[in-house]
Amino acid sequence: MESTKTEMNEAVDNEELNWRVRVFDSLSYPTMILKPDYTLVSANQKFLELFDKTPEEIRGKKCHAFFYNKETPCQAEECPLVKVLQTRKGQTLPWRKKGGWEDRVFSPILDDQGEVAYIIESIRDVTRVKMLESELSGIKELISRVVHSSASPIVAADRQGNIQLMNRAARELLGVADVYERTIHNAEELYPPGKAKEIMTMLRDEKQGGKGKLSGVPTTVVSASGEEIPVEMSAAIIYDDDDKESATMAIYNDLREKLEIEKKLQEARKQLAQSEKMASLGQLAAGVAHEINNPLTGILMYASMILEQLGENNPQHQDVECIIEDVNRCKEIVKSLLVYSRNTDSQRHITEINELVEQSFRLTRDQKIFRNIHIEKQLSDEMMLINVDTNKLNQVIINLVINAADAMDGRGTLTVRTYRDKSARKVYLEISDTGCGIPEENLSRIFDPFFSSKPRDKSTGLGLSIAYGIVEEHEGHISVKHTDPEGTTFLIELPQYIPAEG
Ligand SMILES: Nc1ncnc2c1ncn2[C@@H]1O[C@H](COP(=O)(O)OP(=O)(O)OP(=O)(O)O)[C@@H](O)[C@H]1O
Ligand SMILES: [Mg+2]
């Protein structure tokens with residue numbers, strides 16, 4: 001009875017096997033059928049060709065014997081067939097063959113009870129795919145190396161703005177220590193608030209460099225420490241095959257150095273224009289002063305004679321006194337103009353700059369205007385010698401100090417600072433106040449003779465122009481280092497005197 005049942009089962013098995021064999025015989029992959037007990041049932045034509053076997057040489061063999069010449073099955077954990085039996089799901093075993101690669105694909109054929117009745121093993125040559133994959137990964141590796149070693153900072157983000165790539169130059173620019181310890185995670189954090197959105201709008205605008213492209217746009221990025229860095233940016237949207245936005249990338253060019261150079265160049269141009277203006281004004285002033293000096297001496301002489309002739313009680317006595325007073329004022333102005341135009345003699349002495357500063361402050365000390373001003377001296381301990389006309393330099397310092405006191409309306413802090421730049425052989429003197437500052441529109445005029453914002457009867461507007469003339473005469477330079485409504489700092493630089501050795 002038992003044996004009849006088995007025979008019947010086998011008949012069914014064989015019938016089923018017949019059509020399965022016909023189907024898989026026509027498959028272009030070398031394929032064979034196994035039983036769960038590792039027995040090879042059949043193999044298709046391709047398989048027989050590949051292994052150069054006849055169906056008889058295959059049938060009934062155990063797979064471990066056929067493939068590995070072994071008497072016992074392979075280790076269960078290494079055997080894909082065992083896995084198929086356990087999981088009832090297909091398994092793939094990558095296989096290195098001579099001159100290439102293949103995938104051995106194991107697929108279960110389940111019986112009515114859902115148990116694995118047979119296993120189809122087909123061999124797929126994946127050499128070409130693997131070669132392409134390795135070529136592609138080689139290209140990917142190359143692109144990645146090119147991007148990472150690029151001297152230009154490059155950042156790429158996905159559609160949500162999450163930063164996916166930040167090359168070394170970008171990390172240096174943004175002060176990000178390590179790729180994995182990034183403090184900047186999203187493109188929004190790369191720019192000042194609202195800027196990332198603005199850039200995306202520009203990128204999508206066809207009129208601005210074409211759709212999805214931007215080139216050489218000046219903007220600002222924010223470093224990990226919050227510093228705003230001016231950059232020039234070229235950016236692009238990366239589209240996928242369906243023309244949908246999949247990522248964005250940007251390349252930056254750090255503009256800090258360029259802007260710094262431009263600023264210095266502008267400063268130098270301004271200085272040049274200023275000194276050209278001062279030189280021609282100086283010539284004019286010298287000419288005028290010279291021409292006026294002689295007639296003034298005449299007026300003064302004749303007015304003094306008239307005054308002597310008029311008695312004290314004469315009603316015109318006071319008028320003539322006014323004439324003399326005004327002529328004297330004019331003579332003072334002429335004298336100042338001559339100083340400004342460097343048309344006066346100089347008496348130079350080698351002096352220590354701190355000593356000169358102390359001297360100038362002693363001369364102003366008793367003036368009423370300094371009563372409520374706190375004076376702070378930050379004088380360098382270093383020995384800083386200068387070769388100057390001390391009287392003229394005193395005049396410069398006093399004028400700066402009085403200007404500072406005027407700007408503070410007699411109340412505030414006046415700081416005087418000295419220092420030097422040893423390698424440049426320069427000595428510096430700074431006078432700062434906490435006054436009202438110099439409005440932008442006046443900055444280019446304050447060194448002009450007769451420019452003043454103070455009441456006419458009080459000032460001539462010659463102070464700074466004289467100071468300018470004196471400092472230039474000493475091969476130095478005077479400038480406004482800083483000014484805003486909180487105060488002003490004037491800077492004088494002079495050549496340091498270095499005694500000859502020996
Ligand atoms: N420390 C300062 N703070 C603000 N403004 C200043 C300062 N120093 C100079 N100025 C401006 O520059 C102008 C020119 O200064 P300058 O010393 O040449 O003339 P003045 O002080 O007006 O007149 P003078 O020096 O002849 O009495 C001033 O009137 C003032 O407007
Ligand atoms: Mg002045």
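One-based numbering, in listed order, for ligands and for the atoms of each.
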Which residue and atom name correspond to the protein heavy atom nearest [atom], and how close is it?
atom                    : answer
atom 29 (O) of ligand 1 : Ser453 N, 2.8 Å
atom 19 (O) of ligand 1 : Gly461 CA, 3.4 Å
atom 21 (O) of ligand 1 : Lys454 NZ, 2.6 Å
atom 25 (O) of ligand 1 : Asn399 OD1, 3.2 Å
atom 14 (C) of ligand 1 : Phe451 O, 3.3 Å
atom 9 (C) of ligand 1  : Asn403 ND2, 3.5 Å
atom 18 (O) of ligand 1 : Leu464 N, 2.7 Å

Only heavy atoms of [X], strictly under 4.0 Å: list the atoms of ligand 1 that pass.
X      : value
Ile446 : 11 (C), 12 (O), 14 (C), 18 (O)
Thr488 : 3 (N)
Gly437 : 4 (C)
Ala407 : 2 (C), 3 (N), 4 (C)

- Message: Between Ile492 and Leu400, does the side chain to side chain contact (heavy atoms under 4.5 Å, CB included) criterion hold? Intermediate values first, please.
- Response: CA-CA 10 Å; Ile492 295 174; Leu400 289 181; 3.6 Å; yes

Looking at [Y] and [X], is there a salt bridge between them, counting it only when a charged N and a carboxylate O are closer than 4.0 Å?
X      : Y      : result
Arg256 : Asp254 : yes
Glu358 : Lys377 : yes
Glu493 : Lys426 : yes

- Note on the structure: Check: of Ile431, Asp433, Ile438, Leu462, min heavy-atom distance to atom 6 (C) of ligand 1 comes from Ile438

Do [X] and ligand 1 have an N or O pair less than 3.5 Å apart?
X      : result
Ser465 : no
Asn442 : no
Phe490 : no

- With the Mg ion (ligand 2) at the centre, find the angle made by OD1 from Asn399 and OD1 from Asn403, to 10°. 110°

- Task: Might you confirm whether atom CD of Glu355 has over 12 heavy atoms from other residues, nucleotides or ligands at distances under 6.0 Å?
- Result: yes

- Item | Donor-acceptor under 3.5 Å (Ser144 side chain, Lys140 main chain) | no

- Task: Check for a donor-acceptor pair, side chain of Arg420 on one end and backbone N or O of Tyr428 on the other, with a separation under 3.5 Å.
- Result: no

- Message: Between Gln347 and Asn391, is the side chain to side chain donor-acceptor pair (under 3.5 Å) condition met? List the steps.
- Response: CA-CA 8 Å; Gln347 295 255 317; Asn391 284 334; over 6 Å; no

- Item | Within-shell test, Phe447 vs ligand 1, heavy atom, strictly < 4.0 Å | no

